[in-house]
Engineer: 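Below is the structure I would like to discuss, written out as structure tokens.
Below, read A as the first sequence line, B as the second, and so on, with proteins coming before strands; counting in each chain starts at 1.
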There are 2 protein chains.
Amino acid sequence: MSGRSSNKNQTACASRRRAALRRAAARKAQALLVSRPVDVRYLSGFTGEDSFLLAGRRWAVLITDGRFDEQAPRECPGIEIHVRKGSMSEAIKDALKGRTVRTLGVQGTHLTAAAMEDLARAAPSRRLKPLRDFVAPLRMVKDDSEVRAVRRAVRVAERAFGELIVRGIRAFVGRSEREVAAELEYRMRLAGAEAPAFETVVAAGAHGSFPHYRPGATRIRRGQAVLIDWGARLAGYCSDLTRVLFTGRIPPKLGAVYEVVRRAQAAGIAAVRAGVACKTPDAAARRVIDDAGYGRRFVHGLGHGLGLEVHEPPALAARSRARLHAGMVVTVEPGIYLPGAGGVRIEDDILVTTDGRRRLSSLSTDIRAMVLR
Amino acid sequence: MSGRSSNKNQTACASRRRAALRRAAARKAQALLVSRPVDVRYLSGFTGEDSFLLAGRRWAVLITDGRFDEQAPRECPGIEIHVRKGSMSEAIKDALKGRTVRTLGVQGTHLTAAAMEDLARAAPSRRLKPLRDFVAPLRMVKDDSEVRAVRRAVRVAERAFGELIVRGIRAFVGRSEREVAAELEYRMRLAGAEAPAFETVVAAGAHGSFPHYRPGATRIRRGQAVLIDWGARLAGYCSDLTRVLFTGRIPPKLGAVYEVVRRAQAAGIAAVRAGVACKTPDAAARRVIDDAGYGRRFVHGLGHGLGLEVHEPPALAARSRARLHAGMVVTVEPGIYLPGAGGVRIEDDILVTTDGRRRLSSLSTDIRAMVLR
């Protein structure tokens, strides 16, 4: 990271820390202990592991270890770096010394029961308050640089997919699911990805009915549906896409199902708009699938937030109580799974805007474009 | 997984659950709630996400969701499957109904403070007891099938590395660190890996001084050291290896450092034996590096356990209080890092045996074998 982009990132991180501290202040905490690695990254710019961020109104300390003593100051120029030799809880106690922190907010949905005990023992004069979600609500709404990062991750994933399918049926038939997954991941890496955003799914034929199938040694045959769920991670941000390809011929049952899923996805996407309840797009897509008689076969929510994590809030699901805001990035991915026969899922990444939505991904959903020759 | 291996695996899982429950009984818990995904896998065979295992003396329930309703019964033939519709804590309450569980042991080092609160609210009649490490100590000692799995993961990593370096200097010079990492990961995938065990490190020249460097767009030049830290995941089990290659010429400063690290690693490995304290191999290796005047530049522990996770107990480190037992698999990876100049680390995977050790990896550590032509 260049000095300039690092400084720009630090400005963003500092403003995010202020927002998190405002939330903490409402809960009477004067400082925050951030333990979830992606949240540490979001609030400090630090990309290493096993490090906690302590932040108060006018100060921030990153507690790390010897492995990161060169990297941490480079990535977090505005933040005090504490390279711990002993336990994390002792280091936290030391870093709090001399600071007026009566109540320390901790990440209740990340910090473990045991870590809480250790910290209470090490720093008995501080009150520990497990708070829920003081970073997740901030992370849900992406700033411009984050949207650009997701868009780049989408572009890399799409480029790799394009390089694969442009070779047609011979890039699939006779090869194992795992080979195809390996090639897709390799092409994403060459296109600039740090890693796949998650384990790539390549599921041939009946395997498509497992929503989280792991690609195996099964060879892809002619006349099959091949479900591919893939994404790239780039500068920490993720993309997440799914398409179903057909090797020459569309199995009759799946052709009709494909059209239902495609219409359900279009209905779900059309319902995305700032101010709308997160359950609304789910209901819109589910209605299409219900009406076609496949309601029982759509076994998961419509989608999820996308950012530093491949699954993050908000959930687009019937049980969700959140609302969509401009700047959120969500997946829309209805699916129909027929045990023994296969499955169809179509997934795109969508930016919520004040007046509607923008599709960050650009692959066709037309079934004719999915038939490999 | 074939029916036979699945059943065999279930026998292993059932005996592991009994061992975990014996540990829990000593802490007065009649049942266990297992929440860490790798521990759920270890005790049930289930490979999906977001699912908890509840286990008592004569019963076990896997609490999962609709995404895994086909996969869970296939992977866990002996275990009752509970597909939850509502929250995890409600599902746990339901699954406990009618069972005599006064005290439920939970994973204190994994279950979050918030999950504890939710569960206490949902099941107020059960006493929740956060226990530390009721699975980790079992997982430290591998059975034969686990050792075979690590060995396969080592073999896949070595094969991919061999395919890369056999092409000599042209597989490196002029290519970016990221391209080399991508090729290594691709070759591991083709050789059968599910995924890289962790983000592959390819660090050229001065980048080698960051123990956890992320490969970037920097092109590899002639006359550089290239540190490569890579591993494969196969059937869930990990390998973890490091070598330093030299593109044609060995930078003079690093040649001497390499020899120190090589001797330190040999000393560390020679000190591995069942019954020995985990800090002993660390001390043996550290002494070699101290004596050569680089003590301050060896900024991490000597190694770590290796299994379903790429870093797991025991740590081979000065602060460790554990002892080595036959069946443990550990990495031995001393390193010397010279800011601005580069770094050398050499890492192999070692099985602890009653009469000493067996190296699971087979790559040479001879510096002459590391010079690419």
Engineer: Give every residue pair that meets the salt bridge (charged side-chain N to carboxylate O under 4.0 Å, His left out) criterion with at least one member in residues 103-113 of chain B, sequence neighbours excluded.
Structural biologist: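 Matches after skipping sequence neighbours: none remain.
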Engineer: Hey, which residues of residues 183-190 of chain A are touching chain B, say heavy atoms under 4.5 Å apart?
Structural biologist: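 If one takes a 4.5 Å heavy-atom cut-off, the residues of residues 183-190 of chain A near chain B are Glu183(A), Glu185(A), Tyr186(A), Arg189(A), Leu190(A).
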Engineer: Quick one: list whatever passes salt bridge (charged side-chain N to carboxylate O under 4.0 Å, His left out) with Asp39(A), sequence neighbours left out.
Structural biologist: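 Residues passing salt bridge (charged side-chain N to carboxylate O under 4.0 Å, His left out) with Asp39(A): Arg139(A).
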Engineer: What residue in Gly192(A), Gly48(A), Pro130(A) has the most heavy-atom pairs under 4.5 Å with chain B?
Structural biologist: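 Among Gly192(A), Gly48(A), Pro130(A), the one with the most close pairs to chain B is Gly192(A).
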Engineer: Does any heavy atom of chain B fall under 4.5 Å from the side chain of Gln71(A), the backbone, both, or neither of them?
Structural biologist: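 The answer is both parts of Gln71(A).
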Engineer: Output the option from Ala193(A), Gly66(A), Gly108(A) having the highest count of non-hydrogen pairs under 4.5 Å with chain B.
Structural biologist: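 Most heavy-atom pairs within the cutoff with chain B belong to Gly108(A).
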Engineer: Flag the one option from Tyr337(A), Tyr213(A), Phe210(A) with the top tally of heavy-atom pairs under 4.5 Å to chain B.
Structural biologist: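 The candidate making the most pairs under 4.5 Å is Phe210(A).
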Engineer: Does this structure show an ion pair linking Arg121(B) with Glu90(B), if we count only N-O contacts that are shorter than 4.0 Å?
Structural biologist: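 Answer for the salt bridge query: no.
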Engineer: So for Ser87(B), is it side chain, backbone, both, or neither that comes closer than 4.5 Å to the heavy atoms of chain A?
Structural biologist: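 For Ser87(B), backbone heavy atoms alone lie under 4.5 Å from chain A.
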Engineer: Pick from Arg178(A), Glu179(A), Glu194(A): which one has the most heavy-atom pairs with chain B under 4.5 Å?
Structural biologist: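 Going by pairs under 4.5 Å, I would pick Arg178(A).
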Engineer: Taking ring pair (Phe, Tyr, Trp, His ring centres under 6.0 Å) as the definition, give me every residue that meets it alongside Phe298(B), ordered by chain and number, with sequence neighbours left out.
Structural biologist: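 Per chain and number, Phe298(B) pairs via ring pair (Phe, Tyr, Trp, His ring centres under 6.0 Å) with His300(B).
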Engineer: Run the salt-bridge test on Asp65(B) and Lys85(B) with the 4.0 Å N-O cut-off and return the result as yes or no.
Structural biologist: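 Salt bridge absent between Asp65(B) and Lys85(B).
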Engineer: Quick check for you: among Arg319(A), Gln107(A), His110(A), Arg132(A), which has the greatest number of heavy-atom pairs under 4.5 Å with chain B?
Structural biologist: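 Heavy-atom pairs under 4.5 Å are most numerous for Arg132(A).
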Engineer: Assess the side chains of Glu177(B) and His207(B): does a donor N or O sit below 3.5 Å from an acceptor N or O?
Structural biologist: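 Looking only at side-chain atoms, His207(B) and Glu177(B) do form a donor-acceptor pair, the distance falling under 3.5 Å.
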Engineer: With a 4.5 angstrom heavy-atom cut-off, which part of Arg233(B) approaches chain A: side chain, backbone, both or neither?
Structural biologist: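 Contact with chain A involves no heavy atom of Arg233(B) at all.
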Engineer: Are Asp282(A) and Arg286(A) ion-paired here, with the side-chain N under 4.0 Å from a carboxylate O?
Structural biologist: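 Judged by the 4.0 Å cut-off on N to carboxylate O distance, Asp282(A) and Arg286(A) do form a salt bridge.
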Engineer: Does a side-chain N-to-carboxylate-O contact under 4.0 Å join Asp69(B) and Arg84(B)?
Structural biologist: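 Salt bridge between Asp69(B) and Arg84(B), a charged N being under 4.0 Å from a carboxylate O: no.
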Engineer: After noting the C-alpha distance and the side-chain angles of Glu117(B) and Thr112(B), does the key distance pass the side chain to side chain donor-acceptor pair (under 3.5 Å) rule?
Structural biologist: CA-CA 9 Å; Glu117(B) 278 177 18; Thr112(B) 66; over 6 Å; no
Engineer: I'd like to know if the side chain of Arg27(A) and the backbone of Arg23(A) have a donor-acceptor N/O pair within less than 3.5 Å.
Structural biologist: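 Checking the backbone N and O of Arg23(A) against the side chain of Arg27(A), no donor-acceptor pair under 3.5 Å is found.
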Engineer: Could you check which of Pro215(A), Ala195(A), Pro339(A) has the highest count of heavy-atom pairs closer than 4.5 Å to chain B?
Structural biologist: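 Sorted descending by pairs with chain B, the first entry is Pro339(A).
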Engineer: Below 4.5 Å from any heavy atom of chain A, which atoms of Ser176(B) appear? Answer side chain, backbone, both or neither.
Structural biologist: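 It is neither, since no heavy atom gets under 4.5 Å.
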Engineer: Can you tell if the side chain of Val202(A) reaches within under 4.5 Å of the side chain of Thr200(A), non-hydrogen atoms only?
Structural biologist: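 Side-chain contact under 4.5 Å: yes.
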